[in-house]
Engineer: 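Attaching a single structure in structure tokens format; questions to follow.
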Amino acid sequence: PPPPPNQQGRHAQRTARTTGATMSDTIDRNESIEIPWPPPSPSSSLTSPRSPRSPLSPRSHRSSGHSERSSGVFNSKRKAGVSARGILTNDEINHVLSDLAAEEQTTLLGAGLGKQTWSRYLVEHYLSRFKWYYPNRDNPEAPSLSKGWAYFEYFTLPRKFAAKSGGHYIRAPPGEAESTKLYGPFETPQESLSDWGIGMGMYFSSLSATFIIFILAGLLNIPNILYYASDEYDPVQGLKQFNLAAMLQYSAVCTTREWVVCASPDGAETCAGSGYWEERNPFTRSYLGTATDPETGKDTITLINRTTCLPAEFTQGMVNYGTWILLIVAMSVFMWYLGKKEVRYDEDNTTAADYTIVIHNPPPDAINPDEWRLFFDPFSDKSVTLVTVALNNEVLLDKLLQRRKDIRKLKRRLPIRIQNELNFDDKHAVETAVENAKRYREDQEAQRNCLSKLLSSIFTPLLQLLGFSLPEYVVWEQIKNGTEEIQQLQQKEYGAAAVYVTFETEQGQRTALEAFNASKFEVMANVAHNLDESVLFHGTVLNVEEACEPNTVRWRNLQYYKISMYLRQLIMLGITLVLVTLGGYILQISRLRVDTIFFSIILSTFNVIIPIIVRLLVSYEKHYDEGSMQKSLYVKITLFRWVNTAIITRMITPLL
């Protein structure tokens, strides 16, 4: 289902405006603001479910074979006394581990390779017999080594059902032991990789396809490879050596050179005055020389050291053109192949995004989910299952996130024994703990030697200016101030930033997308030229799209209009082009005015710091989902590195 408006930031409930500590403590139990959608709460004031259940689990298979398998899995858990909810409690996990450990001990010698890892086989059969490896082997109260391995192999590592379904293996749920095996690195078919998501299957599909393309291109270039390695092309070297360094002999690199007069056909010198041939250019200095004109005996002529290898002939040119055509055709087929694979993997896996649409331009005052549900019910195949209204409360989100960071920072400055027990809602208890930690820190500082005190007095103020090494009482003051700001922000009314509508069936989603298929102009101008009046919500032409995966939504960016997002991206692209030009100029100066070693150092340094700079630029941009943000990041980094390593290097390197 779509993300419910729980107490995590943007989806803060209007009814949950109590204290800042209550809301932020909810966030403290999660790793990040952008987390997968948790189960919806029927009592949420901004979430309107049709029924307590959702049409699908967060990820399930459309294959009927997998459904049968799933029911078998839950039945096997019931036999072991474990509930069939799909999410195991700690007691249920311990129960399963006890059964697995006992079964593995009785059938250890006969276990097949697919039942356990090689490491476990080695430990259970050999290493566990020695006291130096397993000192608590004879201690019944010691942690069980068998349970630890059982948890690792049945809960941590992915397992598959032994029988195939629909031509590929089905991934087993954690803790399932009946008729399951570990995934093997060689016998796992590519279609089964979609169990880890569409991206995993697409990656390995792309890898195998590009491997075939480059193998074909390499085979096509065998005539050129043999020609460039022959004595006909380079009589000095040819195939006289065969080691890693001599592999360059199979390329167009030529080692035979001669000194000739640098002149045009009419006799005029062409090297003098050229930026490439000036003697202050260290790169070309070794290829440039002077000599006395033998005819006059007085004049000085300019010489250049050039290669004597034959240029590319007709055969080599045709092979190059053939490779070029092959790559164009192959990449076209490659894109078509990836499109087919994406559809196949998407059909194999059903997620909440297959049932959900998102409205990016809801009226700010339309925060009633029941109103949205009634509006979309006529367009659904059966019914609308769930509606979630995301609120425009980015400032509140940032404050909550900062408070959570400050709480974690303060916990690291407190004794370990009270870090997890301290209730930050209890102001008196926290202040007492902070005072005790302050006295302990001051006592420790008083026992330092003179050198330690001197270094601390120098570096600690500098680190504190950057926000590091702050004392515990300063962090506590930040938390208190942040809590007060959060309580004030909770009293404000927030408008709708986006609306997620989840249908009971996929057909309901497709019907809604077709009905609300408005053009960009109609959405921006709010004019319905080709739309029915029934699709207008309070007179607004809605911008409706298929929702992305729940864990890729960037909740704090949903309030921005697309025109604002495009403007930010355009500004960052302009800054990127300026930085690319500046970097290219620095590389050119280092290559032509210093030396090639310094150029290599500068180039390597740029390739290291460029991703950091680009991430800072992209952080200013706004994106609705992680996929769009990663795409922008990839384009900018690729542009930087491609220009620096290929274009600039080629432009400043002469053809000798």
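Just so you know, these numbers come straight off a predicted model, no measurement behind them.
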Engineer: With a 3.5 Å cut-off and no angle check, do the side chains of T483 and R403 form a donor-acceptor pair?
Structural biologist: yes
Engineer: Looking only at heavy atoms, which two atoms of L182 and K160 are closest? And how far apart?
Structural biologist: O-CE, 3.6 Å
Engineer: Set out, in order, the CA-CA distance, both residues' side-chain angles and the distance that settles side-chain hydrogen bond (donor to acceptor under 3.5 Å, both in side chains) for D406 and Q402, then state yes or no.
Structural biologist: CA-CA 6 Å; D406 291 339; Q402 184 59 45; 3.1 Å; yes
Engineer: Checking side chain to side chain donor-acceptor pair (under 3.5 Å) against K399, which of Q488, E485, Q487 comes through?
Structural biologist: E485
Engineer: Looking at T180, D195, L193, which hits side chain to side chain contact (heavy atoms under 4.5 Å, CB included) with R171?
Structural biologist: D195
Engineer: Parallel under 30°, tilted from 30 to 60°, perpendicular over 60°: which one fits the rings of W149 and F152?
Structural biologist: perpendicular
Engineer: Should I479 and V430 count as side-chain neighbours, where that means a heavy-atom distance under 4.5 Å?
Structural biologist: no
Engineer: Is any NZ, NE, NH1 or NH2 atom of the basic residue among D398 and R556 found under 4.0 Å from an Asp or Glu carboxylate oxygen of the other?
Structural biologist: yes
Engineer: What distance do L577 atom CG and F640 atom CZ have between them, rounded to the nearest 0.5 Å?
Structural biologist: 8.5 Å
Engineer: Could you check L397 against L401 for side chain to side chain contact (heavy atoms under 4.5 Å, CB included), going step by step and ending with a plain yes or no?
Structural biologist: CA-CA 6 Å; L397 271 180; L401 182 59; over 6 Å; no
Engineer: Is there side-chain contact between Y126 and V123, with at least one heavy-atom pair below 4.5 Å?
Structural biologist: no
Engineer: Indicate yes or no for a side-chain donor-acceptor contact from S469 to the backbone of T460 under 3.5 Å, with no hydrogens or angles considered.
Structural biologist: no
Engineer: Please test T356 against L386 for side chain to side chain contact (heavy atoms under 4.5 Å, CB included), starting from the C-alpha separation and ending with a verdict.
Structural biologist: CA-CA 9 Å; T356 306; L386 191 69; over 6 Å; no
Engineer: Output yes when E477 and K480 qualify as a salt bridge under the 4.0 Å nitrogen-oxygen rule, no when they do not.
Structural biologist: yes
Engineer: Minimum heavy-atom separation for A496 to I367, with atom names?
Structural biologist: N-CG2, 3.7 Å
Engineer: Working to the nearest 0.5 angstrom, can you tell me the gap between S628 OG and L633 CG?
Structural biologist: 11.0 Å
Engineer: With heavy-atom distances below 4.5 Å as the criterion, would you say the side chains of L617 and L573 are in contact?
Structural biologist: no
Engineer: Aromatic contact between F204 and W196, with the criterion being ring centroids under 6.0 Å apart: yes or no?
Structural biologist: no
Engineer: Could you please spell out the steps behind the side chain to side chain contact (heavy atoms under 4.5 Å, CB included) verdict for M565 and Y624?
Structural biologist: CA-CA 9 Å; M565 298 168 59; Y624 289 145; 3.4 Å; yes
Engineer: Can you measure from CD1 (I589) to OH (Y585) and round to the nearest 0.5 angstrom?
Structural biologist: 4.0 Å
Engineer: Supply the atom-to-atom distance E621 CD to S564 OG, rounded to the nearest 0.5 angstrom.
Structural biologist: 11.5 Å
Engineer: Check whether the side chains of Y473 and E435 place a donor and an acceptor atom closer than 3.5 Å, and report yes or no.
Structural biologist: no
Engineer: Under 3.5 Å, is there a donor-acceptor pair between the side chain of T605 and the main chain of I601?
Structural biologist: yes
Engineer: For T351 and E549, which I'm curious about, is there any donor-acceptor pair between the side chains at under 3.5 Å?
Structural biologist: yes
Engineer: In sequence, state the C-alpha distance, the side-chain angles, and the governing distance for F130 and R137, and then conclude on side chain to side chain contact (heavy atoms under 4.5 Å, CB included).
Structural biologist: CA-CA 8 Å; F130 301 99; R137 182 186 59 185; 6.0 Å; no
Engineer: For L451, enumerate each residue passing the side-chain contact (heavy atoms from CB on, under 4.5 Å) test, keeping only those at least two apart in sequence or located in another chain.
Structural biologist: N449, L455
Engineer: Side chains of L558 and Y500: does their closest heavy-atom pair fall under 4.5 Å?
Structural biologist: yes
Engineer: Name the one of N393, L400, L396 that satisfies side chain to side chain contact (heavy atoms under 4.5 Å, CB included) with L489?
Structural biologist: L396
Engineer: For the OG atom of S119 and the CD atom of E153, what is their distance to the nearest 0.5 Å?
Structural biologist: 8.5 Å
Engineer: Under a 3.5 Å threshold, yes or no: a donor from one side chain and an acceptor from the other, between S192 and T188?
Structural biologist: no
Engineer: Which heavy atom of V553 sits nearest to which heavy atom of C548, and what is that distance?
Structural biologist: CG2-SG, 3.5 Å
Engineer: Please confirm whether the backbone N or O of L470 pairs with a side-chain atom of R413, one donor and one acceptor, at under 3.5 Å?
Structural biologist: yes
Engineer: Under the criterion side-chain hydrogen bond (donor to acceptor under 3.5 Å, both in side chains), I'd like the reasoning laid out for S457 against K453: C-alpha separation, chi angles, the key distance, then a yes or no.
Structural biologist: CA-CA 6 Å; S457 62; K453 291 180 179 179; over 6 Å; no
Engineer: Has R641 got a side-chain atom pairing as donor or acceptor with N607's backbone, closer than 3.5 angstrom?
Structural biologist: yes
Engineer: Taking the side chain as every heavy atom from C-beta outward, state whether K409 and R404 have any atom pair closer than 4.5 Å.
Structural biologist: no
Engineer: Are H360 and Y561 packed together at the side-chain level, in the sense that at least one heavy-atom pair is separated by less than 4.5 angstrom?
Structural biologist: no
Engineer: So does E176 pair up with R159, basic N to acidic O under 4.0 Å?
Structural biologist: no
Engineer: Does some side-chain heavy atom of L157 sit less than 4.5 Å from a side-chain heavy atom of Y183?
Structural biologist: no
Engineer: Quick check: closest heavy atoms across P461 and S456, and the distance to 0.1 Å?
Structural biologist: CD-O, 3.6 Å
Engineer: A433 and L414: which non-hydrogen atoms are nearest, and at how many Å?
Structural biologist: O-CD2, 3.8 Å
Engineer: Please say which of K411, R412, R441 ends up in a salt bridge (Lys or Arg N to Asp or Glu O under 4.0 Å) with E472.
Structural biologist: R441
Engineer: Within a strict 4.5 Å, meaning less than it, do heavy atoms of the L127 and Y134 side chains meet?
Structural biologist: no
Engineer: To the closest 0.5 Å, what do you measure between NE2 (H623) and CG (D625)?
Structural biologist: 9.0 Å
